[in-house]
Amino acid sequence: MAERIFIQDMARHVGAEITLQGWLADKTDKGRLQFLRFRDGTGFIQAVVFQKEVSPEAFDAAKKLTQESSVRLTGVPRAEPRAPGGFELSVKDLQVVQIANEYPITPKDHGVEFLMANRHLWLRSPRQHAILRIRARIIKAIRDWFDNNGFLLVDTPVLTPSACEGTTTLFATDYFGVPAYLTQSGQLYNEANAMAFGKVYCFGPTFRAEKSKTRRHLTEFWMVEPEWAYGTLDDYMRVGEEFVSYVVQTILQERAPELQTLERDLTKLQNVTPPFPKISYSEAVEILHTHGYPDFQWGDDFGAPHETVISEQFAKPVFVHRYPTAMKAFYMALDPHDPKVCLSADLLAPEGYGEIIGGGERSADLAYLEKQLAHHNLPREAYEWYLDLRKYGTVPHAGFGLGIERTVAWLCKLDHVRETIPYPRMLEKIYP
RNA sequence: UCCUCGAUAGCUCAAUUGGCAGAGCGCGCGGCUGUUAACCGUGAUGUUCUAGGUUCGAGUCCUAGUCGAGGAGCCA
């Protein structure tokens with residue numbers, strides 16, 4: 001029995017007889033010669049079956065293979081400049097596991113609705129492989145960076161008793177007779193964890209029940225949120241630019257073939273190195289005034305077109321800091337030099353990808369937070385534990401959240417986040 | 001929730017002024033020893049989204065609904 005190997009290790013086995021286990025991606029029938037495009041989950045390779053080189057039974061089986069039939073191939077890999085990928089398998093024998101039914105996703109064009117309804121099968125295509133391999137590597141790079149920079153992974157709960165920020169719509173569920181909600185952020189728990197461990201991060205799914213229907217929204221998405229004690233706004237922006245640059249440069253190094261599959265222009269990613277440009281909200285408003293939005297009012301939030309105009313002025317991601325206090329969450333610290341603005345900052349990605357990070361310095365002031373809770377009509381009793389953090393050794397602290405799917409969409413240059421996660425959850429869509 | 005657009009074969013789409021339901025791909029059969037979304041020949045495939053209406057006659061026009069796409073707001 002030939003040694004069973006994976007396509008990703010093919011180069012080490014040139015000239016030796018091996019066995020691959022996988023699926024037929026596509027086939028070209030040339031009569032006495034069959035080209036099989038074969039995949040095993042680790043890659044794609046072309047296999048060639050000559051009638052005179054295999055048994056009549058094996059050749060007949062090869063001719064009858066349908067798209068996505070499962071099959072074991074035994075043969076000899078060799079370098080072959082005519083084959084896509086540079087390697088080709090000369091088949092000596094094959095064993096059919098199942099002849100697949102007529103497969104819905106053909107090599108021709110399909111519409112979004114059809115592909116989304118067949119997401120469980122769409123995942124088998126080379127493009128989806130490239131995207132999800134990049135996603136997995138981004139997640140590893142994120143965790144590596146925090147683990148290597150003194151942050152401790154401290155998980156925050158998915159089921160929560162109340163809204164974290166009181167602003168967005170939550171998914172409600174029944175928790176033994178009392179209402180509970182799927183988390184919209186680990187933020188508040190992160191602050192408690194930072195007071196316990198100094199530098200922490202959480203990483204997990206996040207849920208928003210808002211009826212957002214755009215290319216950058218999911219109802220279930222993944223977010224990494226670091227938080228650290230004694231952090232300031234300036235610290236946050238330094239951490240953010242080092243962290244994001246590490247993730248981007250790691251993907252450029254480690255996932256070059258996948259970026260090539262997606263035909264990603266790499267030059268714009270190669271630019272992503274510290275430091276990033278940093279402008280205030282007020283400076284951003286001035287940019288809008290001179291670039292097509294002369295009527296934009298100070299105090300209004302940026303929409304998608306505004307974010308695009310601002311980010312287009314820079315070759316790197318840009319931090320916009322010191323937003324109007326009224327626009328941001330209740331816990332943001334005020335700027336001591338100008339209380340109309342708070343010590344918050346968002347990071348806008350280039351190429352129109354918009355906000356990928358939001359964060360800032362949190363208020364350490366008990367009296368201010370009590371006032372803010374009342375001002376935002378939030379029930380104080382739900383936040384007693386949070387206020388405790390300002391009673392028992394309060395310190396300045398900062399943190400931020402980075403959206404995984406928007407980061408994947410940016411690095412892959414996708415026009416919609418729905419392809420950045422295996423099973424996207426979107427407005428009124430939960431199948432498959 | 002609002003605005004715009006759309007729904008015809010398994011898929012992607014066409015169908016003139018309201019007048020016989022079409023093509024390509026995929027699938028079946030036959031051919032081909034270098035194909036890359038192969039090619040050549042040949043064959044089968046329809047609740048035209050749903051309900052109602054106008055009409056001699058509706059894929060086409062009208063009303064309501066369902067589903068989808070793009071965008072807005074909100075956000076990561």
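Fair warning: this is a prediction, and the values are worked out from it, not measured in the lab. Chain identifiers are assigned alphabetically (A, B, ...) following the order of the sequence lines, protein sequences preceding nucleic acid strands; residue numbering begins at 1 within each chain.
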Write down the distance separating the P atoms in B:U54 and B:C27, rounded off to the nearest Å.
-> 46 Å

Closest of B:U35, B:C75, B:U33 to the A:His217 side chain is B:C75

Would A:Phe35 pass as stacked on B:G34, i.e. its ring centre under 5.5 Å from the base's six-membered ring centre and planes under 30° apart?
-> no

Salt-bridged, A:Arg135 to A:Glu405, with N to O below 4.0 Å?
-> yes

May I ask you to say whether A:Asp235 pairs ionically with A:Arg238, meaning some side-chain N is under 4.0 Å from a carboxylate O?
-> yes

Note: A:Arg82-A:Glu88 ion pair, threshold 4.0 Å (strictly below) | no

Side chain of A:Arg215 - closest among B:A37, B:G71, B:A72 = B:G71

Nearest of B:G70, B:C75, B:G34 to any side-chain atom of A:His416?
-> B:G70

With respect to the phosphate group of B:C32, does any side-chain polar atom (N or O) of A:Arg32 fall under 4.0 Å of OP1 or OP2?
-> yes

Under-4.0 Å salt bridge between A:Glu17 and A:Lys92 | no

Base-pairing mate for B:C5 - Watson-Crick or G-U, with both contacts under 3.5 Å = B:G68

Of the nucleotides B:A72, B:G70, B:U36, which one has an atom closest to the side chain of A:Pro305?
-> B:A72

Nucleotide forming a Watson-Crick or wobble pair with B:A58, both distances under 3.5 Å = none

Output the single nucleotide from B:G71, B:A76, B:G34 whose closest atom is nearest the side chain of A:Lys213.
-> B:G71

Are any of A:Arg37's side-chain N or O atoms less than 4.0 Å away from OP1 or OP2 of B:A38?
-> yes

What nucleotide, of B:G34, B:C67, B:A37, holds the atom closest to the side chain of A:Glu80?
-> B:G34

Please give the nucleotide sitting opposite B:G22 as a Watson-Crick or G-U wobble pair, both distances under 3.5 Å, or none.
-> B:C13

Counting side-chain heavy atoms from C-beta on, which of B:A76, B:G34, B:G10 comes nearest to A:Arg406?
-> B:A76

Can you tell which of B:G34, B:A72, B:U1 lies closest to the side chain of A:Lys211?
-> B:U1

